[in-house]
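Encoded as structure tokens, the structure appears first; notes follow it.
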Amino acid sequence: PKRFYEPLIPHGILHSGWRCPVCKYRSFTCVIGKQWIPFVGRLKGKRQFPPLFAVGFPHRFKLGMPSARVKALVTKPTALGLTSEPLGIIDPSEIAVPDPLPLISAKSAKSMYRGYD
């Protein structure tokens, strides 16, 4: 993918994760009820998300698509084994700032990504 939509943390939502001081990668998830749900920011104006988009960072991401496209795909015989999970879309005013994720140590981060350089 050429463009990535960054996962965000909504203000007041239970979350768990960490952020890396070396590459700025953030790994976390948000909990609503009994579901773990990723969130992205709403696009400005009347723009819509593209039919297929990446949520995350270049070295680790998930593919996303509008719910109408998912519903159309899962009815096709070639979609056997396709799995999906909800993706929350939030307004910019609902984003938790500053980032509440704890930093991991630079030493831990470097050891986790050894071999990806």
Side-chain angles (χ1 to χ4, degrees):
K2 293 182 180 179
R3 180 169 181 180
F4 296 85
Y5 294 90
E6 185 177 356
L8 304 168
I9 299 173
H11 181 70
I13 299 288
L14 178 65
H15 62 276
S16 177
W18 52 268
R19 59 191 162 107
C20 176
V22 176
C23 68
K24 310 300 183 218
Y25 176 72
R26 297 164 42 212
S27 178
F28 65 91
T29 190
C30 299
V31 183
I32 297 182
K34 294 183 178 183
Q35 284 191 304
W36 298 88
I37 300 177
F39 285 86
V40 293
R42 185 176 308 281
L43 299 179
K44 293 180 181 178
K46 295 186 177 188
R47 291 184 24 220
Q48 299 289 320
F49 282 97
L52 186 65
F53 56 93
V55 177
F57 300 88
H59 57 282
R60 189 171 181 187
F61 62 91
K62 291 182 178 183
L63 294 177
M65 62 183 76
S67 60
R69 183 162 186 205
V70 172
K71 288 175 186 173
L73 280 175
V74 297
T75 61
K76 304 217 181 285
T78 55
L80 187 63
L82 179 71
T83 62
S84 67
E85 62 184 28
L87 175 66
I89 299 174
I90 58 175
D91 288 321
S93 63
E94 299 171 349
I95 298 169
V97 177
D99 190 340
L101 296 175
L103 284 171
I104 61 169
S105 72
K107 184 177 180 181
S108 295
K110 287 179 183 174
S111 67
M112 280 193 303
Y113 294 110
R114 192 168 288 134
Y116 287 98
D117 300 352

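Computed from heavy atoms alone, side chains included, the values below leave out hydrogens, waters and symmetry copies. Remember, it's a predicted structure, so these values are computed and weren't measured experimentally. One is the number of the first residue; the rest follow in order along the sequence.
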Interatomic distance, Thr29 atom OG1 to His15 atom NE2 [nearest 0.5 angstrom]: 10.5 Å
Partners passing side-chain contact (heavy atoms from CB on, under 4.5 Å) against Ile37 (at least two apart in sequence or in another chain): Ile32, Gln35, Phe39, Pro86
Pairing residues for Ser27 by the side-chain contact (heavy atoms from CB on, under 4.5 Å) criterion, not counting sequence neighbours: Trp18, Tyr25, Arg60
Residue pairs fulfilling side chain to side chain donor-acceptor pair (under 3.5 Å) with at least one residue in residues 68-80, sequence neighbours excluded: none
Side chain to side chain donor-acceptor pair (under 3.5 Å) pairs, two or more places apart, involving residues 40-50: Arg42-Asp91
Decide yes or no for [X] and [Y]: does some side-chain heavy atom of the first lie under 4.5 Å from some side-chain heavy atom of the second?
X	Y	value
Phe57	Glu6	yes
Tyr5	Pro50	yes
Val40	Ile89	yes
Phe53	Leu87	yes

Minimum heavy-atom separation for [X] to [Y], with atom names?
X	Y	value
Ala54	Phe61	CB-CD1, 3.9 Å
Phe49	Gly41	CZ-O, 3.5 Å
Pro51	Met65	O-CB, 3.1 Å

All pairs passing ring-ring contact (aromatic ring centres under 6.0 Å, His included) where residues 64-93 contributes a residue, at least two apart: none
Transitive ILVMFWY cluster of Leu14, excluding itself - 4.5 Å side-chain cut-off: Val31, Trp36
Hphob cluster co-occupancy, Leu52 + Phe4, side-chain heavy atoms under 4.5 angstrom: yes
Hphob cluster co-occupancy, Leu43 + Ile90, side-chain heavy atoms under 4.5 angstrom: no
